[in-house]
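All chains are named by letter (A, B, ...) in the order of the sequence lines, taking the proteins before the strands, and each is independently numbered beginning at 1. Worth knowing before you read on, the calculation uses all heavy atoms, side chains too, and leaves out hydrogens, waters and symmetry mates.
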Protein chains: 2
Amino acid sequence: MGYNPRDYPPVAVTVDVVALTIRDRRLNVLIVERGVQPYLGHWALPGGFVRPDENLDDAAVRELGEETGLGIRPAHLEQLGSYGTPERDPRMRVVSIAYLAFGPDLPDPMAGSDAAEAVWHPVDDLPPLAFDHERILNDGIERARSKLEYTPLATAFLPGTFTVSELRLIYESVWGTALHAGNFHRKVLSVPGFVEGTGETTQTGGPKGGPRAKLYTAGDAKLLHPALLRPSREEEIR
Amino acid sequence: MGYNPRDYPPVAVTVDVVALTIRDRRLNVLIVERGVQPYLGHWALPGGFVRPDENLDDAAVRELGEETGLGIRPAHLEQLGSYGTPERDPRMRVVSIAYLAFGPDLPDPMAGSDAAEAVWHPVDDLPPLAFDHERILNDGIERARSKLEYTPLATAFLPGTFTVSELRLIYESVWGTALHAGNFHRKVLSVPGFVEGTGETTQTGGPKGGPRAKLYTAGDAKLLHPALLRPSREEEIR
DNA sequence: TGAATAGTGTCTGTAAGACACTATTAG
DNA sequence: CTAATAGTGTCTTACAGACACTATTCA
């Protein structure tokens, strides 16, 4: 019956970004210490208001750069979901579009505009987060775990060339499980388009010995077929 | 830099729903003929503005009911994604949260508040849709196809009890491919928690002959393990 | 030299798909 | 009766995981 949005209090739209990387074999997320109210001084996911005439994706990339002072261009960026519970922001009605980003390990970011500090932090040892950001982060981690199964996006956590062992460490860090090195090796090379050999090898063996490893780049596959499934999780099925 | 959203023109948040069902062995989507500007008289997905203090999920359910005059409670409802291109609505900046709904075949809906008419329509034979609703619909269909692979949600298209053949018809309709009846049968029964036998059978055989079929209800599995994968789509992998 | 790692060989159990076949029902 | 459908048996191939093993490099 002629519902007119201008008759109602305004709604704000924000983006929040779950930016993940692997550091020291652990899954890390980028968090910022808020420099403004509300939740001033609390840790939160980087994010902020979408500007007029700005695409949602662009806003996510902009906030990632602004709040961290880094020219971060994540190797992968995808939409995660929308979070719009009426009370999630004490200021006003805020609907947030969450994004999920993967990137290779980067130097520690500096604080940016609205953030007092920005750091990479292991996801299994986090301080409390502002708003509903813990829920968003959990959704992002679960999405990441699932994406590694059926897409080649694990390579987005790595530099341009990498070894199969480095790729395995990504899977082990994100899934939190140890994988059998030999079987993983054969499996990765058998999936068409997952990785492509460069003909090169590492210049040295591992720090504690071992032969030089062949170097690979990401292949052209968009999906892994057959998929690389996580070790069975009976409990999670029902 | 104290960006304040109140300094800028307002943003509106809407929900749009891709409601799918199977009719006569074809995948159908619920569309409405718009009774208001813009796109008056055009076909569109049901949807509308989110109200203050209303959850996004609740808004999706409400719009589904309001615009169709049906007390539709979809058997499954999930968030599909957000669509926020600045020019997608000529009136103002509108960010839409799209939802995906599955339900069993229902009688033809009546028109509701903002819609001149509401109908189920086969997805492969649609009139042009308003806004960016064709893109949203395509994303929804692809999501539905994928969901059938690794979740038991095909049962959401069926009434409380059903036969394995009816379940197979859901897969065939959504995927658009013929499946081998015998192998499908064995596969479905072998996945733990997918379906549960009731001990009953249909009262008659098929309209053109055949024995009575056993009746099943949806099981308690949340994920299919092992998954029921679509016949290989080599082209879609790269 | 010994320890660690890269990469391969082989075997087993499970699952997917092709195909054949029996049993039951409608017309 | 015939045609259609429900459901099962069986065979082949592919693949995941377990395990063993060789080769290469660092300390």
Side-chain angles (χ1 to χ4, degrees), chain A residues 25 148-150 161-172 175 177-192 194-216 223-234 237, chain B residues 25 148-150 161-172 175 177-216 221 223-234 237:
Chain A
R25 306 189 172 198
L148 291 207
E149 294 191 304
Y150 56 93
T161 69
F162 50 85
T163 67
V164 173
S165 290
E166 288 165 345
L167 185 61
R168 177 167 46 80
L169 283 176
I170 301 299
Y171 276 90
E172 292 181 334
W175 286 351
T177 61
L179 299 175
H180 187 285
N183 288 340
F184 180 86
H185 195 105
R186 183 164 1 126
K187 169 75 185 181
V188 165
L189 297 188
S190 77
V191 176
F194 192 177
V195 298
E196 248 173 62
T198 62
E200 311 274 303
T201 69
T202 52
Q203 287 307 306
T204 68
K208 289 182 276 186
R212 299 176 181 186
K214 291 182 186 163
L215 287 168
Y216 297 86
L223 294 173
L224 299 185
H225 190 75
L228 229 158
L229 299 178
R230 276 177 271 187
S232 63
R233 320 154 266 155
E234 282 302 327
I237 292 176
Chain B
R25 304 190 172 197
L148 259 50
E149 293 191 304
Y150 57 93
T161 68
F162 50 85
T163 67
V164 174
S165 289
E166 287 164 348
L167 185 61
R168 177 166 46 79
L169 283 177
I170 302 297
Y171 275 91
E172 291 180 335
W175 286 350
T177 61
L179 298 175
H180 187 283
N183 288 339
F184 180 88
H185 195 104
R186 180 158 7 104
K187 169 76 186 181
V188 166
L189 297 188
S190 76
V191 176
F194 192 178
V195 298
E196 248 174 63
T198 62
E200 311 275 302
T201 69
T202 52
Q203 287 307 306
T204 69
K208 288 183 278 185
R212 298 176 181 185
K214 292 182 186 163
L215 287 169
Y216 297 86
L223 293 173
L224 300 184
H225 187 78
L228 229 158
L229 298 178
R230 277 178 269 187
S232 62
R233 322 154 265 154
E234 282 303 328
I237 291 176

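Relative to the side chain of B:Lys208, the nucleotides D:dA4, D:dG7, C:dA6 differ in distance, and D:dA4 lies closest. The listed nucleotides are C:dG9, C:dA18, C:dG7; the one nearest the side chain of A:Lys214 is C:dG7. The side chain of B:His180 has C:dC19 as its nearest neighbour among D:dG17, D:dC15, C:dC19. Nearest nucleotide to the side chain of A:Ala213, out of D:dA6, C:dA26, C:dG7: C:dG7.
A donor-acceptor contact shorter than 3.5 Å is absent between the side chain of B:Arg212 and the backbone of B:Thr201.
For the pair A:Asn183 CG and C:dT10 C1', the interatomic distance rounds to 11 Å; values are reported in whole Å. Between the C1' atom of D:dA6 and the CD atom of B:Glu200 lies a distance of 17 Å, rounded to the nearest Å. Between the CD atom of B:Glu166 and the C1' atom of D:dT5 there is a distance of 13 Å, rounded to whole Å. If you take CG of A:Leu215 and P of C:dT5, they are 17 Å apart, rounded to a whole angstrom.
Residue A:Gly206 is in sugar-phosphate contact alone, with no base atom involved, counting any heavy-atom pair closer than 4.0 Å across all strands shown. Among the atoms of the strands shown, only primed sugar atoms or phosphate atoms (P, OP1, OP2) are found under 4.0 Å from some heavy atom of A:Gly205. Nucleic acid contact for A:Ser190: none, since no nucleic acid atom lies under 4.0 Å from a heavy atom of the residue. Using a 4.0 Å heavy-atom criterion, one finds that B:Arg212 contacts the sugar-phosphate atoms exclusively.
At a threshold of 4.5 Å between non-hydrogen side-chain atoms, the residues B:Pro226 and A:Leu229 do not count as touching. For the pair A:Leu228 and A:Lys187, the minimum side-chain heavy-atom distance is below 4.5 Å.
Nearest-nucleotide assignment on DNA chain C puts the 5′-proximal partner with A:Gly209, out of A:Gly209 and B:Arg186. Nearest-nucleotide mapping onto DNA chain D: of A:Gly210 and A:Lys187, the residue sitting toward the 5' end is A:Lys187. DNA chain C is contacted by both B:Pro226 and B:Pro211; B:Pro226 maps to the nucleotide lying nearer its 5′ end (nearest heavy atom per residue).
A:Glu149 and A:Arg230 are joined by a salt bridge, as a carboxylate oxygen and a charged side-chain nitrogen come within less than 4.0 angstrom of each other.
At D:dA6, one or more side-chain N or O atoms of B:Ser165 fall inside 4.0 Å of OP1 or OP2 (strictly under the cut-off). At the phosphate of C:dA6, neither OP1 nor OP2 sits under 4.0 Å from any side-chain N or O atom of A:His185. Residue A:Arg168 places none of its side-chain N or O atoms closer than 4.0 Å to OP1 or OP2 of C:dT5.
Checked options B:Thr161, B:Leu189, B:Thr198; the residue passing with B:Tyr216 is B:Leu189 (criterion: side-chain contact (heavy atoms from CB on, under 4.5 Å)).
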